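None of the values given here were measured: they were computed from a predicted structure. Heavy-atom basis, side chains included; hydrogens, waters and symmetry copies ignored. Throughout, a chain's letter reflects where its sequence line sits, starting with A, and its residues are numbered from 1.
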Number of protein chains: 2
Amino acid sequence: MFDEIDIHILEILQEKARIPNAEVARQVGMAPSAVLERIRKLEERGIIEGYEVRLNPACFHQGLSAFVQVESDGAATAQALAEVPSVQEVHQVVGPDGFLVKLRTADHTTLARILGEIRALEGVRSIRTQVVLETVKETRRVDLTEHNGNGRH
Amino acid sequence: MFDEIDIHILEILQEKARIPNAEVARQVGMAPSAVLERIRKLEERGIIEGYEVRLNPACFHQGLSAFVQVESDGAATAQALAEVPSVQEVHQVVGPDGFLVKLRTADHTTLARILGEIRALEGVRSIRTQVVLETVKETRRVDLTEHNGNGRH
DNA sequence: TGCAAAAATGAATAAAATTCGTCCAGAAAG
DNA sequence: CTTTCTGGACGAATTTTATTCATTTTTGCA
């Protein structure tokens, strides 16, 4: 599905996505047009899903994170959870009808309100909340180092 | 710290970060040079932390997610957890010396191995694992809609 | 080996990034 | 009430990129 040059390109983009294509070409030692072609194909194949800006949450009154274990009747709840503002992630986990929800709010007051909303959702039996004191690591990077050379998919 | 034009710019970049600056300028109805200036200042102030490519984890043998509750002696463990490959997030949570770890692996076999590694870390008393069956929502976007107009910080 | 498909190249052109002198509006100072 | 100062925004000029495409090179495979 991709070779070591693609991996190299992806590493560069993973480091700094808003970089000119010509600069990527320089770093991988290829013509800009060839690199452009490769990137386009990576996008077409869905290997690259998109490009995003990483914002500092604290600058937008979103400094408080929490995880909520939601025990619920069924999968219908997932959609409702996903639509709650401040909810960033909803994962269905193996076990007793559980969802794990990650959310971001401004402060404890807002958190309390959001938790109230979640508890009131149709089908929610109980919730257990874990407030984040400090985030030690938070990345979404994919480890590409082990993909050098092979790359079948 | 930023005004409604900055918000507009950030919304555009949040949607699609690898977009030409000239196009952003068009959308906000300003000169490209002015938009460039604003984006640079947002970067300098740390409001924009960076730009990243979003890759499809399934294409890189990272299709299985799990959350691990780690009960540990102290904060020293956090760093060790953060350094484990596959660990994407480490959060210190309020409660009995707990860390919440999010990780990504290829399959159950690899997961089992990683869990073994974590259990063996210095200071780790016990772990509880929740395997993700399905991820319903997963975003890192900041909700900018309520920041229109004010923007003090 | 040799063919066909895929990928890379390099040149040409259109578009974008970047720089910078100028201008304007609001704030602060006189 | 004017003057001065300051921060943005503008837009022209220049450098750099993006993009296209015809041509060449490489690759996979019969």
What's the [atom1]-[atom2] distance between [X] and [N], to the nearest Å?
X     : N      : atom1 : atom2 : value
A:N21 : C:dT9  : CG    : P     : 12 Å
A:E4  : D:dT27 : CD    : C1'   : 14 Å
B:I5  : D:dG8  : CD1   : P     : 11 Å
B:R18 : D:dA18 : CZ    : C1'   : 10 Å
B:I39 : C:dT18 : CD1   : P     : 10 Å
A:D6  : C:dA6  : CG    : C1'   : 13 Å
A:I9  : C:dA7  : CD1   : P     : 12 Å
B:E43 : C:dA17 : CD    : P     : 13 Å

Subject >> Short side-chain donor-acceptor distance under 3.5 Å, B:R104 and B:S86 >> reply: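 Result is no, nothing qualifies.
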
Original post:
Pick the nucleotide of DNA chain C nearest each of B:P20 and A:P32; which residue has the one closer to the 5' end?
Top reply: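 Closer to the 5' end of DNA chain C: A:P32.
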
**OP:** Working to the nearest 0.5 Å, report the span between CG of A:L144 and CD1 of A:I9.
**Re:**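 Going from the CG atom of A:L144 to the CD1 atom of A:I9 covers 12.0 Å.
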
Nearest to the [X] side chain among [options], which nucleotide is it?
X     : options               : value
B:R40 : D:dA18, C:dT9, C:dT19 : C:dT19
B:S33 : D:dG11, D:dG8, C:dA7  : D:dG11
B:L36 : C:dT18, D:dT17, C:dT9 : C:dT18
B:R38 : C:dA8, C:dA7, D:dG8   : D:dG8
B:K41 : D:dG8, C:dA16, C:dT18 : D:dG8
B:M30 : D:dA9, C:dT9, C:dA16  : D:dA9

**OP:** Please check if the side chain of B:Q62 supplies one atom and the backbone of A:V142 the other of a donor-acceptor pair under 3.5 Å.
**Re:**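 No, because the side chain of B:Q62 does not come within donor-acceptor range (under 3.5 Å) of the backbone of A:V142.
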
Original post:
Do NZ/NE/NH1/NH2 and the carboxylate oxygens of A:E138 and A:K102 come within less than 4.0 Å?
Top reply: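 Answer for the salt bridge query: yes.
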
**OP:** Check each of B:E15, B:R54, B:R18 against A:Y51 using the side chain to side chain contact (heavy atoms under 4.5 Å, CB included) test, and report the only one that passes.
**Re:**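 When B:E15, B:R54, B:R18 are each tested with A:Y51, the side chain to side chain contact (heavy atoms under 4.5 Å, CB included) holds only for B:R18.
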
